[in-house]
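Below is one structure, written out as structure tokens; the observations come after it.
In what follows, every heavy atom counts, from backbone to side chain, and hydrogens, waters and symmetry copies are set aside.
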Amino acid sequence: MTGVRDADMLGWSVIVPSNGVYDSFSDQDYRKKISFLTETPVKGVMTPYQKWKWPRIHTAKWCLHPGTNAGADGSDSDIKHVIFRYAEVLLMAAEALNESKGGPTQKAYSYINAVRARARYTPQGLQNYPADLATGMSQTDFRKAVQEERRVELAFEWKRWYDIKRWGQVVDAFTKQEPMKANQK
């Protein structure tokens with residue numbers, strides 16, 4: 001189970017994203033708050049990641065709610081690791097329609113916007129971000145929008161390698177000076 005070593009939470013982690021990955025998520029996007037762990041109790045005191053023994057932002061998706069069966073050493077949890085989520089199915093359908101029809105269809109927009117609409121629901125209520133995509137995008141622009149939505153929505157769900165591989169982006173992802181900048185257009 002992932003977690004922060006020496007913190008009050010159980011677990012340890014080898015899944016520590018770069019600060020560039022963290023910074024590439026919009027602060028307005030609730031998915032950033034639930035995907036990254038930037039503070040946690042250490043000896044009963046809420047402690048920011050800069051003061052952890054290994055001062056790195058960690059992934060939060062798999063450690064915040066380990067369940068009652070979690071082992072004392074963090075070796076087990078009640079988390080059911082999902083292979084496919086409905087959001088991924090919608091994004092696959094949006095991408096397939098865009099590629100097969102030579103551009104986005106109304107159905108493709110409805111699929112990606114359904115994912116974005118769900119992301120607007122937070123414990124604090126309905127938010128305005130991320131907004132629905134406006135119609136009229138080119139095939140290339142819609143493709144980039146789907147790629148970015150997959151990156152954010154499916155963060156730390158073991159999908160990214162397969163995405164960048166099939167999109168032919170592996171070399172850029174691993175050789176650019178600032179690979180996260182490619183997604184900031």
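- Side-chain atoms of Lys32 and Tyr22, non-hydrogen and from C-beta on, do get closer than 4.5 Å to each other.
- Met137 and Ala145 get closest at one heavy-atom pair: CE-CB, 3.9 Å.
- Annotation: side chain of Tyr86 is not in contact with side chain of Arg118 (no heavy-atom distance under 4.5 Å).
- Between Trp54 and Val4 the shortest side-chain heavy-atom distance does not fall below 4.5 Å.
- Counting only heavy atoms from C-beta outward, the side chains of Thr59 and Phe36 never approach each other to under 4.5 Å.
- The two residues Phe156 and Val21 come nearest to each other via the heavy atoms CZ-CG1, 4.5 Å.
- Both cation-pi conditions hold for Arg151 and Phe25: the charged atom is under 6.0 angstrom from the six-membered ring centre and inside a 45 degree cone around its axis.
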Under the salt bridge (Lys or Arg N to Asp or Glu O under 4.0 Å) criterion, do Glu149 and Arg31 qualify, and how do the steps go? CA-CA 11 Å; Glu149 197 65 27; Arg31 294 173 291 189; 2.7 Å; yes
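- The salt bridge (Lys or Arg N to Asp or Glu O under 4.0 Å) test with Asp163 is passed by exactly one of Lys159, Arg160, Arg166: Arg166.
- For the pair Val146/Tyr111, no side-chain contact is recorded, criterion being any heavy-atom separation below 4.5 Å from C-beta on.
- In this structure, Pro130 and Arg116 approach most closely via the heavy-atom pair CB-NH2, 3.5 Å.
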For side chain to side chain contact (heavy atoms under 4.5 Å, CB included), just list the numbers for Asn19 and Tyr49, CA-CA rounded to whole Å, side-chain angles, deciding distance to a tenth of an Å, and then say yes or no. CA-CA 11 Å; Asn19 288 350; Tyr49 78 91; 4.3 Å; yes
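- Using a 4.5 Å heavy-atom cutoff, the side chains of Leu91 and Ile112 are in contact.
- Closest approach of Ala7 and Pro41 over heavy atoms only: CB-O, 3.6 Å.
- Between Gln169 and Gln147, the closest side-chain pair of non-hydrogen atoms falls below 4.5 Å.
- The side-chain heavy atoms of Trp52 and Leu37, taken from C-beta on, include a pair separated by under 4.5 Å.
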